[in-house]
Asker: 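My questions will all concern the structure given below.
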2 protein chains.
Amino acid sequence: MNSVSIHNAHPANDVTATLAEHNISPTSQRLQIANVLLNEPMHLSADQLLEKLRHAGEKVSKATVYNTLKLFVERGLIRQINLDPERTVYDSRRATHHHFHEVDTGTLWDIDPDDVAFSRLPQLPDGMEIAGVEVIIRVARKVQ
Amino acid sequence: MNSVSIHNAHPANDVTATLAEHNISPTSQRLQIANVLLNEPMHLSADQLLEKLRHAGEKVSKATVYNTLKLFVERGLIRQINLDPERTVYDSRRATHHHFHEVDTGTLWDIDPDDVAFSRLPQLPDGMEIAGVEVIIRVARKVQ
DNA sequence: CTCCCTGCAAATGCTTTGCAACTAA
DNA sequence: TTAGTTGCAAAGCATTTGCAGGGAG
């Protein structure tokens, strides 16, 4: 598959290949970040990601985390979600999907795209085409 | 400024009443801001709003605009929409409705709630109830 | 050697806050 | 008088950028 000899606990080959598919050269930091994000679908802020990496003993700077996330978003590797101004979150599930958003805590859950279907959608503005449809279901803890 | 009762071209009484309904005392600045936002449904950032007010010859400070918008949101008078971190937008249509979002320019259009209907929605997480459903249709200019 | 990447620190830009002056009742 | 508001300037914070040092080939 590849001639690079990276041997860590994670299926790094997949990640390296994924980076390559998106024209991203696989530096050590990028692999670390991609491993965290891509191994399981998750929503993380830049700071949460940094903390997770540091916790795992990785050596990454804040600037590199930001720059790398920005690069990944530009290259379509991850999605950027903006719930509120102090909370930019990155979503490693590339396929379009939807979200539950718990209003009080800001927690996000994924909604499988198959669990949402429309029986009616509006006409598009002239000369425009759909780039994506996103549904956010805001939920709150039920008061008894 | 002036102790004169308010007599402008707009239906200020409605606005005053609306503020009252939301437990907001009708100061001069709040009336100015509410007039801009409530007279017609619109999406504005804090800065756009400030510029609009200044253009209209109103005397409002930036801090007051921010504080007032925050107050209005807390009191449920307007909604806050977060497109991306440097672009918090305020929406004066209180009823739930949906949006077209032009990706390139960040422009928003309203979608009438009647123009969207679901034939399937996911099961809610345990103990949660729906606080609102929001659909964002991202659109891009068609390339010929 | 050369190119690209990293990381520190400084810069940026939106938003909030401290606080003194002010206003309406 | 008194409670609530305003506005300036300063502070806060997430994110970006400048630039020197570093690593891979």
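Computation of the quantities below employed the complete heavy-atom set of this structure, encompassing side-chain atoms and omitting hydrogens, waters and symmetry-equivalent molecules. Lettering follows sequence order; numbering is per chain, from 1.
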Asker: On the nucleotide dG4(D), are OP1 or OP2 found under 4.0 Å from the side-chain N or O atoms that Thr27(B) carries?
Answerer: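 It does not, given that no N or O in the side chain of Thr27(B) lies less than 4.0 Å from OP1 or OP2 of dG4(D).
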Asker: What one-letter contact string describes nucleotides 18-24 of chain D from 5' to 3', where B marks a base within less than 4.0 Å of any protein heavy atom, S marks contact via sugar-phosphate atoms alone, and - marks no contact?
Answerer: -------
Asker: Does a nitrogen or oxygen in the side chain of Tyr66(A) sit under 4.0 Å from OP1 or OP2 of dT16(D)?
Answerer: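 For dT16(D), OP1/OP2 do not have a side-chain N/O of Tyr66(A) under 4.0 Å.
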Asker: Any chance the side chains of Asp91(B) and His99(B) put a donor and an acceptor closer than 3.5 Å?
Answerer: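 Asp91(B) vs His99(B): donor-acceptor pair found between side chains.
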Asker: Heavy atoms from C-beta onward define the side chain here; which of dT6(C), dG7(C), dT6(D) lies closest to that of Arg30(A)?
Answerer: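 Closest nucleotide among those given: dT6(C).
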Asker: For Gln32(A) and dG7(C), what is the distance between atoms CD and P respectively, to the nearest whole Å?
Answerer: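 Roughly 8 Å, once rounded to whole Å.
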Asker: Counting just side-chain N and O atoms, does Ser25(B) come under 4.0 Å of either OP1 or OP2 of dT5(D)?
Answerer: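 It does, given that an N or O in the side chain of Ser25(B) lies less than 4.0 Å from OP1 or OP2 of dT5(D).
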Asker: Are Ile137(B) and Ile111(A) connected, step by step, through hydrophobic side chains (Ile, Leu, Val, Met, Phe, Trp, Tyr) whose heavy atoms are closer than 4.5 Å?
Answerer: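 Yes; tracing contacts between hydrophobic side chains, which count when under 4.5 Å, links both residues.
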Asker: Measure NZ/Lys62(A) against C1'/dT16(D) and give the value in whole Å, please.
Answerer: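 Checked: the NZ to C1' distance equals 12 Å.
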Asker: Is the distance from OP1 or OP2 of dC14(C) to the nearest side-chain N or O of Ser45(B) less than 4.0 Å?
Answerer: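 So the side chain of Ser45(B) is outside the cut-off, no N or O lying under 4.0 Å from OP1 or OP2 of dC14(C).
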Asker: Once you round it to whole Å, what is the distance between P of dC14(C) and CG of Asn82(A)?
Answerer: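 It works out to 15 Å between those atoms.
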Asker: Starting from the 5' end of DNA chain D, give me the residue, Val60(B) or Tyr90(A), whose nearest nucleotide shows up first.
Answerer: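 Between the two, 5'-proximity favours Val60(B).
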Asker: Over all heavy atoms of both residues, which pair between Asp110(A) and His43(A) is shortest? Give the atoms and the distance, please.
Answerer: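 Distance-wise, the nearest heavy atoms are OD1-NE2, 2.8 Å.
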Asker: Rounded to whole angstrom units, what separation is found between the CG atom of Asp47(A) and the P atom of dC13(D)?
Answerer: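 So the two atoms are 12 Å apart, to the nearest Å.
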Asker: Please report the distance, rounded to the nearest Å, between CZ in Arg54(A) and P in dG7(C).
Answerer: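 Taking atom P of dG7(C) as the reference, CZ of Arg54(A) is at 8 Å.
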Asker: Quick test of your reading of the model: are Arg120(A) and Asp114(B) salt-bridged, counting only N-O distances below 4.0 Å?
Answerer: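 Salt bridge absent between Arg120(A) and Asp114(B).
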Asker: Just to confirm, is there a sub-4.0 Å distance from OP1 or OP2 of dG7(C) to any side-chain nitrogen or oxygen of Ser61(A)?
Answerer: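 It does, given that an N or O in the side chain of Ser61(A) lies less than 4.0 Å from OP1 or OP2 of dG7(C).
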Asker: Look at Lys70(A) and dT17(D) and indicate whether a side-chain polar atom (N or O) is within less than 4.0 Å of OP1 or OP2.
Answerer: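 Yes, because at least one side-chain N or O of Lys70(A) sits under 4.0 Å from OP1 or OP2 of dT17(D).
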Asker: Does any donor atom in the side chain of Asp112(A) or His97(A) lie under 3.5 Å from an acceptor atom in the other side chain?
Answerer: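 There is no such pair between these side chains.
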Asker: For atom CD of Glu51(B), is the number of surrounding heavy atoms from other residues, nucleotides or ligands below 6.0 Å larger than 12?
Answerer: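 Check fails, neighbour count at 12 or below.
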Asker: Whole Å only: how far is the CG atom of Leu69(B) from the P atom of dC14(C)?
Answerer: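 Leu69(B) atom CG is separated from dC14(C) atom P by 15 Å.
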Asker: Whole Å only: how far is the CD atom of Gln48(A) from the C1' atom of dT15(D)?
Answerer: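 Gln48(A) atom CD is separated from dT15(D) atom C1' by 16 Å.
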Asker: Please give, in whole Å, the distance from dG7(C) C1' to Ile33(A) CD1?
Answerer: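 Distance check: Ile33(A) CD1 to dG7(C) C1' gives 12 Å.
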Asker: So, Arg30(B) versus Ser25(B): side-chain donor-acceptor pair below 3.5 Å or not?
Answerer: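 There is such a pair (donor and acceptor under 3.5 Å, judged by atom type) between the side chains of Arg30(B) and Ser25(B).
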